[in-house]
Amino acid sequence: MKKLIDAVDDVVVDALQGMALAHPDALTLDLEHRVLLRAEPKEQGRVALISGGGSGHEPLHGGFVGRGMLDAACAGEVFTSPVPDQMAAAIAAVDRGAGVLQIVKNYTGDVMNFEMAAELAAAESGTEVRSVITDDDVAVEDSTFTAGRRGVGGTVLVEKIAGAAAEEGRDLDEVTAIATRVNERARSMGVALTSVTVPANGKPSFELGEDEIEVGIGIHGEPGRHRSTLVPAKDVARRLLDPILAELPGEGPVLLFVNGMGGTPLLELYILAKDAHEILAEAGVGISRQLVGNYITSLDMAGASITLLRLDEELTALWDAPVSTPALRRGL
Amino acid sequence: MKKLIDAVDDVVVDALQGMALAHPDALTLDLEHRVLLRAEPKEQGRVALISGGGSGHEPLHGGFVGRGMLDAACAGEVFTSPVPDQMAAAIAAVDRGAGVLQIVKNYTGDVMNFEMAAELAAAESGTEVRSVITDDDVAVEDSTFTAGRRGVGGTVLVEKIAGAAAEEGRDLDEVTAIATRVNERARSMGVALTSVTVPANGKPSFELGEDEIEVGIGIHGEPGRHRSTLVPAKDVARRLLDPILAELPGEGPVLLFVNGMGGTPLLELYILAKDAHEILAEAGVGISRQLVGNYITSLDMAGASITLLRLDEELTALWDAPVSTPALRRGL
Amino acid sequence: MTTTALTTTELEDWLRRAAALLTDHAAELTELDAAIGDADHGSNMSRGFRAVVEALDAGDFADPAALLKKTGMTLVSTVGGASGPLYGTLFLRLAGATGGAASLDAAALGEALAAGVQGVADRGKAAPGEKTMLDAWTPALEAFRGAGDDLAAAVAAGAAAAAQGRDDTAPMTATKGRASYLGERSVGHVDPGAASTVLLWQALADAVSGEAGR
Amino acid sequence: MTTTALTTTELEDWLRRAAALLTDHAAELTELDAAIGDADHGSNMSRGFRAVVEALDAGDFADPAALLKKTGMTLVSTVGGASGPLYGTLFLRLAGATGGAASLDAAALGEALAAGVQGVADRGKAAPGEKTMLDAWTPALEAFRGAGDDLAAAVAAGAAAAAQGRDDTAPMTATKGRASYLGERSVGHVDPGAASTVLLWQALADAVSGEAGR
Ligand SMILES: Nc1ncnc2c1ncn2[C@@H]1O[C@H](COP(=O)(O)OP(=O)(O)O)[C@@H](O)[C@H]1O
Ligand SMILES: Nc1ncnc2c1ncn2[C@@H]1O[C@H](COP(=O)(O)OP(=O)(O)O)[C@@H](O)[C@H]1O
Ligand SMILES: [Mg+2]
Ligand SMILES: [Mg+2]
Ligand SMILES: [Mg+2]
Ligand SMILES: [Mg+2]
């Protein structure tokens with residue numbers, strides 16, 4: 001295992017400190033609870049948004065803390081859900097009297113830990129806490145026989161769009177409804193060119209041959225739908241977009257999100273973006289907004305995911321709203 | 001070789017098209033000349049900035065085209081300087097009557113091709129063209145016996161700061177002087193954890209063992225100062241910062257730029273940033289501005305570079321000025 | 001020296017023995033999790049029970065409820081993942097069910113365990129047969145309650161049934177938790193949470209029988 | 001059939017032969033560049049001369065100057081890297097030196113080559129001994145000019161000297177171009193630009209001597 005780290009046990013804490021040090025104007029770190037908070041808290045009377053999950057997906061979630069997006073992010077161990085105490089601390093810190101929305105990726109551990117945090121908060125402070133569970137990964141097929149679809153790329157879009165709604169002053173019901181709508185209208189799928197190596201494990205989580213790719217992977221090295229030989233990027237794009245399009249609800253233009261897994265350079269992501277444009281044009285799907293880059297990663301995995309979000313006027317306006325976070329910034 | 005590409009020969013053109021498609025509000029592509037231009041040209045009477053070089057360093061340079069930074073970027077083949085025709089086309093397109101500054105990384109091919117472009121422009125249109133050659137890489141030691149220090153991370157800072165000066169309306173002399181000053185006050189060094197694989201070559205440019213790193217590499221898979229066994233990130237940071245600090249001119253606070261080589265995830269870059277903070281604190285060097293992320297990469301290489309820029313009041317103000325490009329955005 | 005009812009002393013003994021067993025078998029549990037999950041169950045459980053031992057070292061507990069509540073809270077706060085809330089809820093429900101009793105005989109422990117296992121099912125929205133820790137807890141609870149009033153005998157029966165339940169998870173297809181993404185490919189592997197459940201029962205049996213050398 | 005002066009016909013023949021030789025030896029040139037540079041000299045040169053052949057196919061040239069200028073411009077516009085401007089400048093200077101002459105005898109070609117080689121030195125800010133293409137061009141030019149008025153003999157002398165110059169780059173330490181980053185480690189490898197220079201001289205010798213089968 002070759003990584004720029006100091007000690008396997010300190011990876012999360014060191015990275016959190018580095019992140020806070022690198023963005024002193026944007027972020028404050030509650031080191032005890034491993035919670036990144038906005039350096040300038042939101043004004044009173046606004047709905048607050050928190051998220052979190054296992055580490056190893058940077059910039060998600062800490063990189064999305066800031067004006068127009070999250071109020072706090074809770075960092076678990078690498079690929080391990082944070083514990084309720086962390087979310088409770090985050091909720092207490094960000095509550096501005098209008099309630100708190102938790103954005104939770106659909107993994108059993110995450111769902112239960114956030115749920116307990118909400119119970120804790122309700123019991124201790126009376127803060128109204130809602131949760132939206134993101135589950136946009138179409139690679140999980142039989143969701144009745146599984147823990148359900150996983151939350152992946154769509155989570156970033158939920159955080160941005162619901163964040164904008166909260167910033168505008170919408171109430172907890174509205175912000176929750178918007179987050180729910182974004183999740184319902186988003187579908188994703190990913191591909192791995194190489195495995196991920198978890199620092200504490202020290203070896204690749206799965207083996208892929210020199211000419212193999214794994215299609216439909218999760219963001220924790222979970223297995224995919226099928227293994228295939230290496231194919232051109234356009235075929236990769238097709239294998240991701242076909243199942244996405246088959247399950248994408250609604251009509252009209254989409255937001256195209258081409259996301260890198262951490263080990264794939266921008267050059268390749270832009271090639272994949274071009275291929276996605278061509279395929280969507282053939283399919284008669286208009287693209288009205290885009291995001292291309294490394295936003296929800298899986299440590300050092302080489303690979304990419306594509307997310308489509310079926311926009312509407314309101315979601316488009318909220319997507320366009322100003323945002324100022326370490327990883328996503330526009331208009332501020 | 002595992003890459004998300006469609007055809008080895010089309011890598012550059014496909015990526016350029018993807019980039020233009022992904023950022024339609026920001027970029028326009030002159031496909032014939034492989035030049036990315038601002039979608040909204042700069043107003044008349046302002047100095048224009050162009051840059052360019054071999055591809056494979058994305059987001060450099062195309063990702064830095066936009067308000068407050070470059071006016072155009074010329075993309076060569078992977079790791080091969082663009083040809084003068086490309087720069088001539090860029091110069092013709094961006095000239096607003098106040099002259100054009102070329103920002104050129106110090107490699108023999110780049111220097112000569114940009115030089116010929118300037119001669120062409122002078123002969124054909126009378127546009128006044130200046131060039132600033134960046135050479136911030138302290139890994140090249142005996143610069144009298146070599147083609148001189150290479151241009152690496154400092155180039156990004158030159159483009160941002162000179163871009164801000166041009167946007168403010170400073171004249172060609174002033175913009176050139178500022179670009180020169182940034183380069184003179186910037187020093188960089190990089191480390192590779194893995195080799196780069198050039199698409200046309202299909203195999204790694206050099207071999208590194210499972211526990212080896214190469215310290216002092218260039219951004220084209222050029223060899224480094226020495227090979228070493230894998231060490232903790234803090235020791236890596238020290239091996240980059242010691243030679244940088246030994247050659248960094250001036251006094252006072254610095255801008256710390258921790259840059260990823262393309263295959264290293266943000267988690268690790270933030271750990272390196274934390275280590276750099278600690279080492280600089282021990283050395284009594286204040287950090288007043290920062291940039292952490294993948295900005296000047298080397299295809300899929302895992303590794304990182306650190307750049308320090310000795311700031312002064314003027315450079316700080318220009319660094320803080322608004323910028324709106326695909327890869328760097330703030331205040332717009 | 002066998003025990004007929006559990007006071008804070010025996011409960012503490014149980015938990016310290018459990019911590020030792022989980023630490024000794026951490027690699028094994030992680031191996032099981034690597035096959036059908038994300039290779040962290042051993043480190044999750046040993047991290048959690050290390051923290052429980054620290055809490056026991058630091059604390060002074062008025063009654064079983066206080067001790068079990070502290071254990072549950074500690075697990076919730078330090079384990080994370082799926083097993084943290086599940087084992088945490090189990091101990092919190094145990095605590096809730098004991099009221100203010102100073103000791104738990106077989107009947108009282110049976111009541112408490114029933115509440116605890118129900119807590120796991122509630123928290124995980126799971127039922128037996130889905131290849132989770134419930135497939136060890138459910139038969140263990142039944143065997144325990146069916147074994148009568150002798151605490152040592154009942155715990156031994158529970159431990160044996162837990163082990164059988166763990167082994168029975170191997171042919172199951174997972175439909176809950178991370179292993180469910182594997183579908184059919186989860187068949188043939190023992191569930192890691194069922195395996196850690198067996199270790200808890202083993203520690204309890206050792207504590208009740210006064211087995212030496214924890 | 002040997003030639004005593006070069007008209008556009010012979011010049012075109014030279015360049016087409018050069019293109020064929022460079023394409024045949026592209027892998028070899030790239031191999032040399034891989035050792036001390038960035039593994040692209042073969043593809044750079046064959047891409048450039050493929051474009052030159054296309055320009056020759058399309059064009060109709062009034063005199064040697066027009067043809068040589070087109071060649072230089074094409075190389076500058078298609079090669080990139082270090083060799084594009086260097087070879088491009090060489091041909092542009094050749095063009096400039098021929099004035100409006102309809103043909104070049106040995107003396108005129110000597111004059112032109114001197115201007116071209118000076119162009120390479122100017123453009124590269126280089127001198128002989130720095131392990132670059134100049135280490136093949138410089139001795140070749142000297143041998144050519146020292147060989148007298150017989151064009152074929154002079155070109156043969158130039159080609160032989162170029163080959164010797166190429167071989168002599170092996171023990172040198174590079175101080176210009178990409179190979180200079182290697183310092184001492186560049187010793188023992190032949191310079192790729194010197195090797196491509198030899199191929200140009202070989203093509204010229206073949207064209208002048210009317211050697212069959214290009
Ligand atoms: N919904 C559930 N109900 C009951 N037990 C579950 C559920 N989901 C997972 N588990 C148990 O949790 C164990 C995994 O724990 P662990 O590896 O620590 O957490 P994670 O899966 O979050 O990495 C599984 O082996 C299984 O026994
Ligand atoms: N400054 C220079 N002066 C003369 N020749 C040079 C100089 N720099 C490089 N060269 C020649 O260029 C050759 C390399 O060409 P090429 O590989 O095509 O370009 P690049 O080095 O940009 O990849 C070298 O082998 C050398 O002969
Ligand atoms: Mg886990
Ligand atoms: Mg090159
Ligand atoms: Mg697990
Ligand atoms: Mg080369």
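Convention: sequence-line order gives letters A, B, ...; per-chain numbering from 1. Note that the structure is predicted; figures quoted are calculated from it, not measured.
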Exercise for review: Give a yes or no on whether C:Lys69 atom NZ has more than 12 heavy-atom contacts from other residues, nucleotides or ligands under 6.0 Å away.
Suggested key: no
Review point. For chain A, which of C:Gly81, C:Ala82, C:Gly124 has the most heavy-atom pairs under 4.5 Å?
Key: C:Gly81
Point to revise | Gap between atom CG of C:Asp38 and atom OG1 of A:Thr80 - 0.5 Å precision | key: 6.0 Å
Revision key, fill the gap. Shortest non-hydrogen pair, A:Ala147 vs C:Ser180, comes out as N-OG, 2.9 Å
Review point. Side chain, backbone, both or neither: which part of A:Asp85 has a heavy atom under 4.5 Å from chain C?
Key: side chain
Exercise for review: May I ask you to name which of C:Ala126, C:Gly37, C:Gly177 has the most heavy-atom pairs under 4.5 Å with chain A?
Suggested key: C:Gly177
Check your understanding: Is the CG atom of C:Asp60 crowded by more than 12 outside heavy atoms at less than 6.0 Å?
Key -> no
Point to revise | salt bridge (charged side-chain N to carboxylate O under 4.0 Å, His left out) partners of A:Glu212, counting only residues at least two apart | key: A:Arg227
Point to revise | Heavy-atom closest pair, residues C:Tyr181 and A:Gly148 | key: CE2-O, 3.5 Å
Exercise for review: Measure A:Glu77 against the heavy atoms of chain C and call it side chain, backbone, both or neither at under 4.5 Å.
Suggested key: side chain
Review point. Contact part of A:Asp137 toward chain C, heavy-atom cut-off under 4.5 Å: side chain, backbone, both or neither?
Key: neither
Point to revise | CG-CE distance between A:Leu120 and C:Met73, expressed to the nearest 0.5 angstrom | key: 6.5 Å
Check your understanding: Considering only heavy atoms, which portion of C:Ala174 lies under 4.5 Å from any heavy atom of chain A: side chain, backbone, both, or neither?
Key -> backbone
Check your understanding: Among C:Val76, C:Val79, C:Asp40, who wins on heavy-atom pairs under 4.5 Å with chain A?
Key -> C:Val76
Review point. What distance do C:Arg178 atom CZ and A:Thr108 atom OG1 have between them, rounded to the nearest 0.5 Å?
Key: 7.5 Å
Exercise for review: Measure the CZ-CE distance between C:Arg123 and A:Met116 for me, rounded to the nearest 0.5 Å.
Suggested key: 4.0 Å
Practice item. Would you give the length of the straight line joining atom CE of A:Met112 to atom OG of C:Ser83, rounded to the nearest 0.5 angstrom? Key: 8.0 Å
Revision key, fill the gap. Of A:Asp110, A:Asn113, A:Val111, the largest count of non-hydrogen pairs under 4.5 angstrom with chain C goes to A:Asn113
Check your understanding: More than 12 foreign heavy atoms under 6.0 Å from NZ of A:Lys3: is that the case here?
Key -> yes
Practice item. Against chain A, label C:Thr78 side chain, backbone, both or neither, depending on which of its atoms sit under 4.5 Å from a heavy atom there. Key: backbone
Revision key, fill the gap. Max heavy-atom pairs within cutoff under 4.5 Å with chain C, candidates A:Gly218, A:Pro84, A:Ala139, A:Ala88, goes to A:Pro84
